[in-house]
Amino acid sequence: MYLIYQPEGEKEPQRFLYKPQKLMAPEREALERRSKMDFADFTKAVLNGNALARRSLLWVMLKRQHHTLKFEDVDFAWDELKLEYSKQEYELMRAQMLAKGNVDPEQLVQLDEEIATAVDEQATEGKALPPIAV
């Protein structure tokens, strides 16, 4: 999954690979402190669009580049930040849908369209993992 940040006026977005299971322990702890949620709830909150969770995640991602960045300095318009699934995650969703059977053809077509345009996680080794760390 990718966290995409494109402030108004910027031509190119910043794309951060977001793999909850690959965050470092201090980053996870900082996210728990900021969001006041345990990490399992945090990952769900990010997917559900929780504003504090997404702001906290952006702060951690930006802090990797700007070590002195304060949480209070992270501010953005809601349309400047979004999440995108990777090609591998969409493919995993498709396989899980087919494994369950009783597939809605429209959903399958929509997933295939998403797969065709999704970004490939070239730096990822092995299988794609579900987007929520459990």
Side-chain angles (χ1 to χ4, degrees):
M1 175 174 292
Y2 293 94
L3 181 69
I4 313 297
Y5 176 51
Q6 187 170 10
E8 189 173 330
E10 294 291 323
K11 292 183 181 184
E12 292 296 321
Q14 294 180 59
R15 181 178 295 272
F16 302 99
L17 182 60
Y18 169 53
K19 290 184 157 255
Q21 65 277 12
K22 294 294 187 183
L23 290 171
M24 301 304 291
E27 292 174 327
R28 290 173 70 128
E29 292 166 7
L31 290 168
E32 287 181 341
R33 278 192 303 274
R34 268 298 153 196
S35 67
K36 297 181 176 40
M37 295 179 236
D38 65 38
F39 197 71
D41 291 336
F42 171 83
T43 58
K44 292 174 189 169
V46 167
L47 291 176
N48 290 333
N50 180 285
L52 180 58
R54 288 193 180 188
R55 182 178 178 202
S56 300
L57 181 59
L58 178 60
W59 170 65
V60 163
M61 296 300 186
L62 290 171
K63 198 163 177 58
R64 289 175 175 177
Q65 299 166 346
H66 310 284
H67 303 291
T68 59
L69 181 68
K70 295 179 182 174
F71 180 79
E72 294 75 22
D73 294 334
V74 177
D75 192 14
F76 56 91
W78 194 245
D79 66 350
E80 295 175 345
L81 190 69
K82 66 180 180 174
L83 286 175
E84 285 181 2
Y85 289 110
S86 69
K87 181 176 184 174
Q88 288 82 354
E89 288 167 325
Y90 278 123
E91 289 171 343
L92 181 62
M93 287 180 220
R94 187 183 195 283
Q96 290 173 341
M97 183 186 294
L98 290 173
K100 288 181 182 177
N102 209 9
V103 178
D104 178 358
E106 286 183 28
Q107 284 183 327
L108 199 56
V109 167
Q110 185 178 5
L111 257 179
D112 288 339
E113 289 172 359
E114 295 291 348
I115 290 169
T117 61
V119 174
D120 192 354
E121 289 180 26
Q122 296 174 356
T124 303
E125 295 180 17
K127 294 181 180 178
L129 297 172
I132 297 177
V134 181

Could you state the interatomic distance from [atom1] ([X]) to [atom2] ([Y]), rounded to the nearest 0.5 Å?
X   : Y    : atom1 : atom2 : result
M93 : L108 : CE    : CG    : 13.5 Å
F42 : R54  : CZ    : CZ    : 10.0 Å
L57 : L62  : CG    : CG    : 9.5 Å
Q88 : I115 : CD    : CD1   : 10.0 Å
K36 : S56  : NZ    : OG    : 9.0 Å
Y90 : D120 : OH    : CG    : 14.0 Å

Check: For R64 and E27, what are the C-alpha separation, side-chain angles and deciding distance, and is it a salt bridge (Lys or Arg N to Asp or Glu O under 4.0 Å)?
Finding: CA-CA 10 Å; R64 289 175 175 177; E27 292 174 327; 2.7 Å; yes
Check: Hey, is CD on E72 packed in by over 12 heavy atoms from elsewhere, all under 6.0 Å?
Finding: yes
I'd like to know if the side chain of [X] reaches the main chain of [Y], judged simply by a donor and an acceptor atom lying under 3.5 Å from each other, with no hydrogens or angles considered.
X   : Y   : answer
N48 : N50 : no
Q6  : E10 : yes
D73 : L69 : no
R55 : F71 : yes

Just distance, no hydrogens or angles: give the donor-acceptor pairs under 3.5 Å from side chains in residues 74-82, sequence neighbours left out.
unit_1 : atom_1 : unit_2 : atom_2 : d
E80    : OE1    : A77    : N      : 3.0
E80    : OE2    : E8     : N      : 3.0
K82    : NZ     : E84    : OE2    : 3.4

Is the shortest heavy-atom distance from the side chain of [X] to the side chain of [Y] under 4.5 Å?
X   : Y   : result
R34 : V60 : no
Y2  : E89 : no
Q14 : Q65 : yes

Next item on the list: Start with the C-alpha gap between Y18 and L23, add the side-chain angles, then the distance that decides, and say whether side-chain contact (heavy atoms from CB on, under 4.5 Å) holds.
Entry: CA-CA 8 Å; Y18 169 53; L23 290 171; 4.1 Å; yes
Taking all heavy atoms of [X] and all of [Y], pick out the closest pair and write down the distance.
X   : Y   : result
P13 : I4  : CB-CG2, 3.7 Å
M37 : A53 : CE-CB, 4.2 Å
W59 : A30 : CZ3-CB, 3.9 Å

Next item on the list: Show the numbers, then the answer: is there a side-chain contact (heavy atoms from CB on, under 4.5 Å) between K22 and L17?
Entry: CA-CA 10 Å; K22 294 294 187 183; L17 182 60; over 6 Å; no
